[in-house]
Undergrad: 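Pasting in a structure now, in structure tokens, and then I'll have a few things to ask.
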Amino acid sequence: MTPHGRRDIAGAPLVDRPGGTQSIQRAVAVLRILATAREAGLGLTDISKQAELTRPTTHRILSVLISEGIVERRQGSQRYLIGEQVSLLALSRRTRDHLLDIVNPHLQAAVGELGDTGFLTRIVGLETVCIARQLGSYPSQALTWDVGERRPLGVSNAGIAILSGMQTDAAREVITTNRSRFPRYGLSTEAIFREVAMARSKGFANRAISLIPGASPVSVTIRSSDGVARGALTITPTGRRRSPQHTEEIVACLRRHATAVELELNNTATLPPQRQ
């Protein structure tokens, strides 16, 4: 039996189950970790630490995933990354993200009003994924995210906003589960707890020091009709544009659009199903 409270990187409990289900859970956890590294990839030690698995176990999982084309090892190095089979498998599904459809017009409007680059980030398990980016008109732009980029919840400013919109106990559990992943970004669990508490008290997240030098992101939570944090809208001015007045302007704009998005989500949730 596994130790009490043992969980995978998505927060699901790791328990002994018949048919190798635990091995599948661990393999999926490894894939999620590799997804956050994108083209840079990760070494065996980093993967095993973040997955909280032994090196031999991690190596066995990677070997199987490599044989299936799901993971690749970069030629001439010991770094692993997501394999081409993943993108090919994804081609089988073309369903659009409902949240993206609703948010896109609001993201474009906010960026047009403020002139700085905007992002839509959504929560997926214990991670945040950038699903939209809109460039602003101001000559200098802070491009802190690429579409498709993943980061553990708590690492990005958007992640802080999302955590601040969650129940305190739920946010604490997410941060605690992700704790082994934060050192890679130069962050501590204690600092993230403080940032979440501050964002909760202010109603928005605004990191003093961004992961990307020169950026000063401001993020506001988007909630579903039942009050669950679904994602965050972010505007990222450069440091030169940062001022208390501009921050207030951004927050007011983002709150207005987030409220409109939440209203549309609520209206969509209450619509009766259409007949086929």
Undergrad: Between Ile131 and Val103, is there a side-chain heavy-atom distance shorter than 4.5 Å?
TA: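 They are not in contact (no side-chain heavy atoms under 4.5 Å apart), so the answer is no.
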Undergrad: Can any side-chain N or O of Thr221 pair as donor or acceptor with the backbone N or O of Ala161 at less than 3.5 Å?
TA: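 Yes, because the side chain of Thr221 sits within donor-acceptor range (under 3.5 Å) of the backbone of Ala161.
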Undergrad: Are Phe182 and Met198 connected in the hydrophobic side-chain network, where two residues link if heavy atoms are under 4.5 Å apart?
TA: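 Cluster IDs for Phe182 and Met198 differ.
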Undergrad: Hey, is the main chain of Leu126 close enough, under 3.5 Å, to the side chain of Asn178 for a donor-acceptor pair?
TA: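 Yes.
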Undergrad: Would you call Lys49 and Ser180 a side-chain contact if the rule is heavy atoms closer than 4.5 Å?
TA: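 Side chain of Lys49 against side chain of Ser180, heavy atoms only: no contact under 4.5 Å found.
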Undergrad: Is the side chain of Thr176 donor-acceptor paired with the backbone N or O of Glu173 at a distance under 3.5 Å, no angle test?
TA: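 No: the side chain of Thr176 does not pair with the backbone of Glu173.
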Undergrad: If we only count heavy atoms from C-beta on, is the Val111 to Thr117 side-chain gap below 4.5 Å?
TA: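 No - every pair of side-chain heavy atoms lies 4.5 Å or more apart.
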Undergrad: Hey, does the side chain of Arg32 reach the backbone of Ala29 with a donor-acceptor pair shorter than 3.5 angstrom?
TA: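 Side chain of Arg32 to backbone of Ala29, a donor-acceptor pair under 3.5 Å: no, none is there.
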Undergrad: Does any N or O in the side chain of Thr57 come within less than 3.5 Å of the main-chain N or O of Leu53, such that one atom is a donor and the other an acceptor?
TA: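 Checked: no pair found.
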Undergrad: Please examine the side chains of Leu65 and Tyr80, heavy atoms only from C-beta on, and report whether any two atoms are closer than 4.5 Å.
TA: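 The answer is no, as the side chains (C-beta and beyond) never meet within the 4.5 Å cut-off.
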Undergrad: Mind checking whether Ile235 and Pro237 have side chains closer than 4.5 Å, heavy atoms only?
TA: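 Sidechains of Pro237 and Ile235: in contact.
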Undergrad: Are the side chains of Gln134 and Phe119 in touch, meaning some heavy atoms are under 4.5 Å apart?
TA: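 Sidechains of Phe119 and Gln134: no contact.
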Undergrad: Is any side-chain heavy atom of Arg181 closer than 4.5 Å to one of Glu127?
TA: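 In contact.
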Undergrad: Run the side chain to side chain contact (heavy atoms under 4.5 Å, CB included) test against Glu248 and tell me which residues pass, sequence neighbours left out.
TA: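 Residues passing side chain to side chain contact (heavy atoms under 4.5 Å, CB included) with Glu248: none at all.
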Undergrad: Examine distances only and state if a side-chain atom of Glu262 and a backbone atom of Arg223 form a donor-acceptor pair shorter than 3.5 Å.
TA: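 Yes, Glu262 side chain to Arg223 backbone: donor-acceptor pair under 3.5 Å.
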Undergrad: Does a side chain donor of either Arg55 or Thr45 reach within less than 3.5 Å of an acceptor in the other side chain?
TA: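 Present: a donor and an acceptor within the cut-off.
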Undergrad: Identify which one of Thr58, Val28, Leu42 satisfies the side-chain contact (heavy atoms from CB on, under 4.5 Å) criterion when paired with Ile33.
TA: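 When Thr58, Val28, Leu42 are each tested with Ile33, the side-chain contact (heavy atoms from CB on, under 4.5 Å) holds only for Leu42.
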Undergrad: Can you find a pair of side-chain heavy atoms, one from Arg184 and one from Gln50, that are under 4.5 Å apart?
TA: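 When only atoms from C-beta onward are counted, Gln50 and Arg184 do touch, with a gap below 4.5 Å.
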Undergrad: Do Val86 and Val71 belong together in a cluster built from hydrophobic side chains that touch within less than 4.5 Å?
TA: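 Yes, Val86 and Val71 fall within the same hydrophobic cluster.
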Undergrad: Between Glu72 (side chain) and Glu84 (backbone), is there a donor-acceptor pair under 3.5 Å?
TA: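 Looks like yes, one N/O pair under 3.5 Å.
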Undergrad: Do Arg179 and Glu52 sit within salt-bridge range, that is, some charged N less than 4.0 Å from a carboxylate O?
TA: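 A salt bridge is present here (some side-chain N lies under 4.0 Å from a carboxylate O).
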Undergrad: Determine the minimum heavy-atom distance between Leu100 and Ala132, stating which atoms define it.
TA: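 Distance-wise, the nearest heavy atoms are CD1-CB, 3.6 Å.
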Undergrad: Test Leu254 against every option in Thr259, Ile222, Leu233, Thr234 by the side-chain contact (heavy atoms from CB on, under 4.5 Å) rule and name the one that passes.
TA: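 Only one of Thr259, Ile222, Leu233, Thr234 forms a side-chain contact (heavy atoms from CB on, under 4.5 Å) with Leu254, namely Leu233.
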Undergrad: Would you compute the distance between atom CD of Glu264 and atom OG of Ser225 and round it to the nearest 0.5 angstrom?
TA: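 Between atom CD of Glu264 and atom OG of Ser225 there are 13.0 Å.
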Undergrad: Test Ser216 against Thr236 for side chain to side chain contact (heavy atoms under 4.5 Å, CB included), laying out the working first.
TA: CA-CA 6 Å; Ser216 183; Thr236 308; over 6 Å; no
Undergrad: When you measure from the side chain of Asn266 to the backbone N and O of Ser224, does any donor-acceptor pair fall under 3.5 Å?
TA: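 Checked: no pair found.
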Undergrad: Within the distance-only criterion (no hydrogens, no angle test), does the side chain of Arg79 pair as donor or acceptor with the backbone N or O of Gly41 below 3.5 angstrom?
TA: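 Yes; at least one donor-acceptor contact below 3.5 Å.
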Undergrad: Looking at every heavy atom in both Asn157 and Ser219, which two are closest together, and how far apart are they?
TA: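 Asn157 and Ser219 have their closest heavy atoms at ND2-OG, 2.8 Å.
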